[in-house]
K.L.:
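Dropping the structure in here first, questions after.
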Amino acid sequence: MTSPRAEFTPHMEHYTFVLEDQPYLGYFQYGNEKSPVHTTDRHGFRVTPGPGGLRATVGDDRPDGPVRVLAGSSAVFGVGATGDAATIPARLWNAHAPRLPWLNISGQSHNSAQELLLFTLFQHELPPVEDIVLLSGVNNLVLSRLPEEKQGRHGAFFDCGPAPDVVPPPDRRVAHATELTIRHLGAWKLLADGLGARLSFALQPLAPWVREEPLPREQQLFEELDEVSNFRRFHHDISTMAVGRAYADRLAAGCAALDVPFLDLNVALAEAAKPADWLFIDRVHCTDLGYDLVARQLADRLDLA
């Protein structure tokens with residue numbers, strides 16, 4: 001019998017990454033990869049295809065002149081998209097905010113410290129940057145499950161130890177994730193100001209923060225993944241609309257203190273999507289339609305269009 005994942009999302013087999021160990025970052029995509037669904041440049045950044053056959057990358061070819069940057073983790077990379085052209089940066093460049101090329105600056109399973117470090121390590125490769133949109137927040141909250149001795153001074157990271165059987169209560173997880181996210185956003189603000197770029201922050205969408213009840217197809221996919229992952233076991237307490245809104249409120253206040261525009265993509269996506277729109281392949285990553293709607297909301301609500 002064909003599984004829902006094999007039936008509905010056969011392209012996901014190409015997102016089973018073998019990552020390269022890298023100093024400082026921990027791990028990153030290999031450079032010069034080309035699968036049926038994704039392409040990376042010589043450094044491992046995903047290629048953004050643009051209009052008229054153009055491409056924009058951090059390390060390889062791109063049009064002359066300034067660019068815009070979308071930064072974050074695997075959702076920004078576009079896990080779940082059926083091809084490079086369906087990622088959020090590609091939809092921004094080709095449809096919703098096409099004035100300048102968009103660079104995809106993202107790594108798999110990065111926390112906010114790794115996202116910040118990734119940008120600083122490769123900033124020397126960049127042309128003038130007009131906009132930096134940081135789409136983040138979920139991984140810090142996911143990693144908040146780990147005990148204090150794994151958090152260190154800058155937050156826990158994936159694969160730093162086994163998942164515990166007992167996790168902190170949701171309010172403590174939200175407070176911890178908010179503190180880390182806003183602390184690192186302050187460093188992003190200093191970088192953006194120094195580059196003369198406008199910085200915005202968008203809280204990444206999580207399926208249960210967008211809709212309390214998933215579509216039947218989404219539910220089948222989530223249930224299949226729950227058989228092999230610990231998401232439901234360890235994150236059921238943060239997978240509620242109330243926790244998502246509380247986290248967004250704290251992040252919004254932190255962004256306001258830094259004078260950084262904030263967008264809760266969970267609310268925006270819920271308002272933009274039709275009831276029958278298939279948005280999520282798993283609880284963190286979107287379908288092509290979901291990523292296109294995300295790009296449209298970023299453009300419209302952060303005044304990027």
K.L.:
Determine whether more than 12 heavy atoms belonging to other residues, nucleotides or ligands lie under 6.0 Å from atom NE2 of His11.
P.N.:
yes
K.L.:
Between Asp292 and Arg296, does any NZ, NE, NH1 or NH2 come within less than 4.0 Å of an OD or OE carboxylate oxygen?
P.N.:
yes
K.L.:
Is a salt bridge present between Glu125 and Arg42, judged by a nitrogen-to-oxygen distance below 4.0 Å?
P.N.:
yes
K.L.:
Using modelled atom types only, decide if a donor and an acceptor are shared between the side chain of Tyr27 and the backbone of Gly107 within a distance under 3.5 Å.
P.N.:
no
K.L.:
Arg68: which residues meet the salt bridge (charged side-chain N to carboxylate O under 4.0 Å, His left out) condition with it, sequence neighbours left out?
P.N.:
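Partners of Arg68 under the salt bridge (charged side-chain N to carboxylate O under 4.0 Å, His left out) test: Asp131.
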K.L.:
Please say yes or no: joined through hydrophobic side-chain contacts below 4.5 Å, possibly via intermediate residues, are Val129 and Leu121 part of one cluster?
P.N.:
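Per the 4.5 Å side-chain linkage, Val129 and Leu121 are co-clustered.
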K.L.:
Do the side chains of Tyr30 and Val37 join up, straight or via other hydrophobic residues, at under 4.5 Å, putting them in one cluster?
P.N.:
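In one cluster: no.
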K.L.:
Is there a path of hydrophobic side-chain contacts, each under 4.5 Å between heavy atoms of I/L/V/M/F/W/Y residues, joining Val58 to Val47?
P.N.:
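Different clusters.
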K.L.:
Looking at residues at least two apart in the chain, or sitting in another chain, which of them share a salt bridge (charged side-chain N to carboxylate O under 4.0 Å, His left out) with Glu212?
P.N.:
none
K.L.:
Going through the distances and angles, do Ser239 and His236 end up as a side chain to side chain donor-acceptor pair (under 3.5 Å)?
P.N.:
CA-CA 5 Å; Ser239 299; His236 64 90; over 6 Å; no
K.L.:
Leu180 and Leu118: same hydrophobic cluster, using ILVMFWY side-chain contacts below 4.5 Å?
P.N.:
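Looking at the clustering, Leu118 is in a separate group from Leu180.
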K.L.:
So, taking the atom named CD in Gln297 and the one named CD in Glu271, what distance separates them when rounded to the nearest 0.5 Å?
P.N.:
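Atom-to-atom, Gln297:CD and Glu271:CD are 8.0 Å apart.
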K.L.:
Can a salt bridge be assigned to the pair Arg245 and Asp249 using a cut-off of 4.0 Å between side-chain N and carboxylate O?
P.N.:
no
K.L.:
For residues His96 and Ala299, report the shortest heavy-atom separation together with the two atoms involved.
P.N.:
O-CB, 3.3 Å
K.L.:
Do Ser112 and His184 pass the side chain to side chain donor-acceptor pair (under 3.5 Å) test, and can you show the C-alpha distance, the side-chain angles, and the key distance before you say yes or no?
P.N.:
CA-CA 6 Å; Ser112 60; His184 295 142; 2.6 Å; yes
K.L.:
Mind checking whether Phe201 and Trp188 have ring centres under 6.0 Å apart?
P.N.:
no
K.L.:
If the plane angle is over 60° it's perpendicular, under 30° parallel, otherwise tilted; pick one for Phe77 and Tyr15.
P.N.:
perpendicular
K.L.:
Rounded to the nearest 0.5 Å, what separation is found between the CG atom of Leu203 and the CG atom of Leu265?
P.N.:
7.0 Å
K.L.:
If you apply the rule salt bridge (Lys or Arg N to Asp or Glu O under 4.0 Å), what do you find for Glu179 with Arg250, and how did you get there?
P.N.:
CA-CA 9 Å; Glu179 192 278 327; Arg250 281 178 172 260; over 6 Å; no
K.L.:
Name all residues meeting the salt bridge (charged side-chain N to carboxylate O under 4.0 Å, His left out) criterion together with Arg62; count only those two or more places apart in sequence or in a different chain, and write none if there are none.
P.N.:
none
K.L.:
For the CZ atom of Phe157 and the CG atom of Leu146, what is their distance to the nearest 0.5 Å?
P.N.:
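Spacing of CZ (Phe157) from CG (Leu146) equals 9.5 Å.
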K.L.:
Taking the side chain from Asp277 and the backbone from Ala273, do they hold a donor-acceptor pair closer than 3.5 Å?
P.N.:
no
K.L.:
Is a side-chain N or O of Ser200 found less than 3.5 angstrom from the main chain of Val133, in a donor-acceptor match?
P.N.:
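Not a single qualifying donor-acceptor pair exists.
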K.L.:
Run the side chain to side chain contact (heavy atoms under 4.5 Å, CB included) test on His285 and Tyr291 for me, step by step, so that the C-alpha distance in whole Å, both residues' side-chain angles and the decisive distance to 0.1 Å come before the verdict.
P.N.:
CA-CA 9 Å; His285 304 113; Tyr291 283 137; 3.7 Å; yes
K.L.:
Return the minimal non-hydrogen interatomic distance between Arg91 and Ala295, and the atom names on each side.
P.N.:
CB-CB, 3.7 Å
K.L.:
Step by step, work out the side chain to side chain donor-acceptor pair (under 3.5 Å) result for Ser3 and Glu224.
P.N.:
CA-CA 8 Å; Ser3 73; Glu224 180 179 351; 3.1 Å; yes
K.L.:
Can you check whether Asp193 reaches Lys189 side chain to side chain, under 4.5 Å on heavy atoms?
P.N.:
yes
K.L.:
Keeping the roles fixed (side chain from Thr181, backbone from Thr178), state whether a donor-acceptor pair exists under 3.5 Å.
P.N.:
no
K.L.:
Find out whether Trp102 and Leu304 are in side-chain contact, i.e. whether some heavy atom of one side chain is under 4.5 Å from a heavy atom of the other.
P.N.:
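They are in contact (side-chain heavy atoms under 4.5 Å apart), so the answer is yes.
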K.L.:
Indicate the atoms forming the closest heavy-atom contact of Val210 with Ala270, along with that distance.
P.N.:
O-CB, 3.5 Å
K.L.:
Would you find a donor on one side and an acceptor on the other, under 3.5 Å apart, between the side chain of Thr287 and the backbone of Trp278?
P.N.:
yes
K.L.:
Under the 3.5 angstrom rule, does the side chain of Tyr247 hit a backbone N or O of Val138 as a donor-acceptor pair?
P.N.:
no
K.L.:
Determine whether more than 12 heavy atoms belonging to other residues, nucleotides or ligands lie under 6.0 Å from atom CD of Glu149.
P.N.:
yes
K.L.:
Determine whether Leu221 and Leu215 fall in the same hydrophobic cluster, where Ile, Leu, Val, Met, Phe, Trp and Tyr are linked whenever their side-chain heavy atoms lie under 4.5 Å apart.
P.N.:
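Per the 4.5 Å side-chain linkage, Leu221 and Leu215 are co-clustered.
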K.L.:
Which heavy atom of Ala71 sits nearest to which heavy atom of Val76, and what is that distance?
P.N.:
O-CG2, 3.5 Å
K.L.:
Determine whether Arg99 and Glu130 make a side-chain contact, defined as any pair of heavy atoms from C-beta on separated by less than 4.5 Å.
P.N.:
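The answer is yes; the side chains approach within 4.5 Å.
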K.L.:
Whether Arg211 and Glu218 form a salt bridge (side-chain N of Lys/Arg under 4.0 Å from carboxylate O of Asp/Glu) is what I want to check.
P.N.:
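Salt bridge flag = yes for Arg211 with Glu218.
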K.L.:
So which of Thr48, Thr57, Leu103 actually passes side chain to side chain contact (heavy atoms under 4.5 Å, CB included) with Asp41?
P.N.:
Thr57
K.L.:
Main chain of Ser136, side chain of Glu115: is a donor-acceptor contact present, judged purely on distance under 3.5 Å?
P.N.:
no
K.L.:
Which value, rounded to the nearest 0.5 Å, describes the distance between Arg283 atom CZ and Leu206 atom CG?
P.N.:
8.5 Å
K.L.:
Output the distance between atom CZ (Phe119) and atom CG (Leu191), rounded to the nearest 0.5 Å.
P.N.:
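Interatomic distance, Phe119 CZ to Leu191 CG, rounded to 0.5 Å: 6.5 Å.
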K.L.:
Are Pro128 and Val67 close enough that some pair of their side-chain heavy atoms sits under 4.5 Å apart?
P.N.:
no
K.L.:
Shortest non-hydrogen contact from Pro63 to Arg55?
P.N.:
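Pro63 and Arg55 have their closest heavy atoms at CD-O, 3.3 Å.
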K.L.:
Sub-3.5 Å donor-acceptor pair from the side chain of Asn111 to the main-chain atoms of Ala156, do we have one?
P.N.:
yes
K.L.:
Does Trp93 reach the main-chain N or O of Ala95 with its side chain, forming a donor-acceptor pair under 3.5 Å?
P.N.:
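The answer is no, because no donor-acceptor pair under 3.5 Å joins these two groups.
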K.L.:
So, for Asp303 and Arg198, which heavy atoms are closest and what is the spacing to 0.1 Å?
P.N.:
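Closest approach of Asp303 to Arg198, heavy atoms only: O-NH2, 3.2 Å.
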K.L.:
Does a sphere of radius 6.0 Å around CG in Asp259 hold more than 12 heavy atoms from other residues, nucleotides or ligands, not counting ones at 6.0 Å or beyond?
P.N.:
no
K.L.:
Does the plane of the ring in His43 sit parallel, tilted or perpendicular to the ring in Phe45? Use 30° and 60° as the thresholds.
P.N.:
perpendicular
K.L.:
To the nearest 0.5 Å, tell me how far Met12 CE sits from Leu225 CG.
P.N.:
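Rounded to the nearest 0.5 Å, the CE-CG separation comes to 8.0 Å.
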K.L.:
Does a donor on one side chain sit under 3.5 Å from an acceptor on the other, for Glu33 and Gln29?
P.N.:
no
K.L.:
Under 3.5 Å, side chain of Gln151 to main-chain N/O of Leu143, donor-acceptor pair present?
P.N.:
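Yes; at least one donor-acceptor contact below 3.5 Å.
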